[in-house]
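Proteins come first, then strands; the chains are lettered A, B, ... in the order of their sequence lines, and each starts at number 1. No hydrogens, no waters, no symmetry mates; every other heavy atom, side chains included, goes into these values.
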Protein chains: 2
Amino acid sequence: MSDNEHAIERALRRSGVRLTRARRAVLDALLEAERHLTAAQVHALGRQSCPSLSLASVYRTLALLQSLGHVQLVHSDDDCQSYAVAPAGHSHQLICSACGWTYAFSECDLSPLVADMEARTGFRIVEHLLELRGLCPKCRE
Amino acid sequence: MSDNEHAIERALRRSGVRLTRARRAVLDALLEAERHLTAAQVHALGRQSCPSLSLASVYRTLALLQSLGHVQLVHSDDDCQSYAVAPAGHSHQLICSACGWTYAFSECDLSPLVADMEARTGFRIVEHLLELRGLCPKCRE
DNA sequence: GTAAGTGCAAACCTTTTGCAATCGG
DNA sequence: CCGATTGCAAAAGGTTTGCACTTAC
């Protein structure tokens with residue numbers, strides 16, 4: 001994890017983003033939790049390493065990380081208020097419905113499906129959103 | 001479209017749901033728009049056929065239709081506040097990024113992808129969320 | 001006729017914003 | 001040191017809820 005952390009921090013530096021205590025706290029919360037978290041949960045966890053952390057900074061940092069592609073929204077049928085770490089570039093999430101564990105992946109060959117839908121609808125498909133849900137190894141027991 | 005409308009209305013009756021003026025207005029707005037709509041947009045459109053329609057009823061009806069599987073949330077990177085009609089059972093949306101036109105489909109063979117992810121992560125994958133975005137025939141011009 | 005559903009207004013929650021104080025490079 | 005960032009508190013959305021009235025069946 002700490003490799004991952006450094007990778008993102010390095011990327012942030014490269015983007016000319018200041019690494020403040022608040023931003024590190026938000027990033028660490030997401031990296032250490034290894035699951036999707038709401039802003040409130042990030043706030044609670046982040047305060048452990050940065051007691052003065054405000055909810056406003058959590059939102060500002062989440063928006064920043066999302067705009068730089070380091071964090072993604074996690075969707076569900078009702079609520080879409082959770083965030084999870086994402087690798088650089090196109091990626092998707094594999095989520096444990098039981099414990100929330102969230103794993104990002106990039107491999108997703110939808111070409112046959114996309115080609116079929118394009119042929120049948122006349123659409124030009126440009127992007128896709130994909131999320132897989134199930135039970136992680138621990139929760140299967 | 002009016003076939004579709006009847007199908008959903010019949011399904012509602014079968015579920016023992018009362019077909020009120022407000023509910024019909026919400027359903028018609030979504031069916032006629034053929035695109036994803038926010039609650040506020042449904043409200044505005046719905047008032048054309050039911051002037052007294054309140055936003056509260058729009059929310060209540062959307063929740064009802066969603067719980068019965070006739071309506072789905074449409075997700076995007078930032079906002080997830082739009083709704084669209086969905087066919088009975090498992091389905092996904094194909095969305096035009098330009099005009100919002102939304103088309104629901106059910107065919108999605110992700111078995112190879114799912115099998116691969118299960119093998120590599122130990123997860124037992126139970127469900128998935130998929131959305132395709134691009135340009136519809138009209139907007140491609 | 002009666003229970004389910006509606007409209008209204010108030011309550012709620014989450015997210016955003018203005019601003020003076022603080023901090024990172 | 002200087003501008004970017006923060007915390008706070010207030011504002012702004014969007015959504016939900018309590019309640020008396022209305023409506024579908």
Side-chain angles (χ1 to χ4, degrees), chain A residues 8-30 36-68 70-83, chain B residues 8-30 36-68 70-83:
Chain A
I8 294 182
E9 290 201 351
R10 251 182 284 123
L12 290 176
R13 278 227 167 70
R14 241 184 290 125
S15 310
V17 169
R18 282 194 192 174
L19 278 181
T20 64
R21 177 180 295 273
R23 285 176 178 163
R24 247 187 280 258
V26 168
L27 195 47
D28 287 353
L30 282 168
H36 55 96
L37 298 172
T38 62
Q41 291 173 321
V42 169
H43 185 217
L45 285 173
R47 286 204 147 183
Q48 292 176 6
S49 59
C50 175
S52 71
L53 182 65
S54 69
L55 237 197
S57 285
V58 171
Y59 279 108
R60 286 186 282 229
T61 303
L62 286 174
L64 174 75
L65 293 174
Q66 195 182 1
S67 74
L68 294 173
H70 301 304
V71 154
Q72 272 185 5
L73 249 195
V74 169
H75 307 272
S76 71
D77 285 343
D78 38 320
D79 253 26
C80 297
Q81 328 192 79
S82 290
Y83 299 82
Chain B
I8 294 183
E9 290 200 350
R10 252 181 284 123
L12 289 176
R13 278 230 166 69
R14 242 183 291 123
S15 310
V17 170
R18 282 194 193 173
L19 277 182
T20 64
R21 178 179 293 274
R23 285 176 178 163
R24 247 187 280 258
V26 167
L27 195 48
D28 287 353
L30 283 167
H36 56 96
L37 298 172
T38 63
Q41 291 173 322
V42 170
H43 186 218
L45 285 173
R47 287 205 147 184
Q48 291 175 8
S49 58
C50 174
S52 70
L53 182 64
S54 69
L55 236 197
S57 285
V58 171
Y59 279 109
R60 286 186 282 228
T61 302
L62 287 174
L64 174 75
L65 293 174
Q66 195 182 359
S67 74
L68 294 174
H70 301 303
V71 153
Q72 271 185 6
L73 249 194
V74 169
H75 306 273
S76 71
D77 285 342
D78 37 322
D79 252 25
C80 298
Q81 327 192 77
S82 289
Y83 299 81

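In terms of modelled atom types and a separation under 3.5 Å, the side chain of R21(A) and the main chain of C50(A) share no donor-acceptor contact. A donor-acceptor pair under 3.5 Å is absent between the side-chain atoms of R13(A) and the main chain of L19(A), judged by distance alone. A donor-acceptor distance shorter than 3.5 angstrom exists from the side chain of T61(A) to the backbone of S57(A), with no hydrogens or angles considered.
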Can you give one letter per nucleotide of nucleotides 19-25 of chain C, 5' to 3': B if a protein heavy atom sits under 4.0 Å from the base, S if only from the sugar-phosphate, - if neither?
----BBS
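The separation between H43(A) atom NE2 and dT6(D) atom P is 12 Å, rounded to whole Å. Atom CG in L73(A) sits about 15 Å away from atom P in dT14(C), given to the nearest Å. For the pair Q41(A) CD and dT14(C) P, the computed distance is 11 Å after rounding to whole Å. Between the CG atom of D79(B) and the P atom of dT14(C) there is a distance of 17 Å, rounded to whole Å. The CZ-P distance, from R23(B) to dT22(D), rounds to 19 Å in whole Å. Whole-Å rounding puts the L53(B) CG to dT22(D) P distance at 18 Å.
Shown here are the side-chain contact (heavy atoms from CB on, under 4.5 Å) partners of D77(B), two or more places apart in sequence or in another chain: there are none.
The shortest distance between side-chain heavy atoms of L27(A) and R24(A) does not fall below 4.5 Å. V42(A) is listed as a side-chain neighbour of L30(A), based on a closest heavy-atom distance under 4.5 Å.
Within the 4.0 angstrom heavy-atom criterion, base atoms lie near A56(B).
The phosphate of dT6(C) (OP1 or OP2) has no side-chain N or O of S54(B) nearer than 4.0 angstrom. A close approach under 4.0 Å does occur between a side-chain nitrogen or oxygen of S52(B) and OP1 or OP2 of dG7(C).
If L55(A) and R47(B) are placed on DNA chain C by their nearest nucleotide, the residue sitting closer to the 5' end is R47(B).
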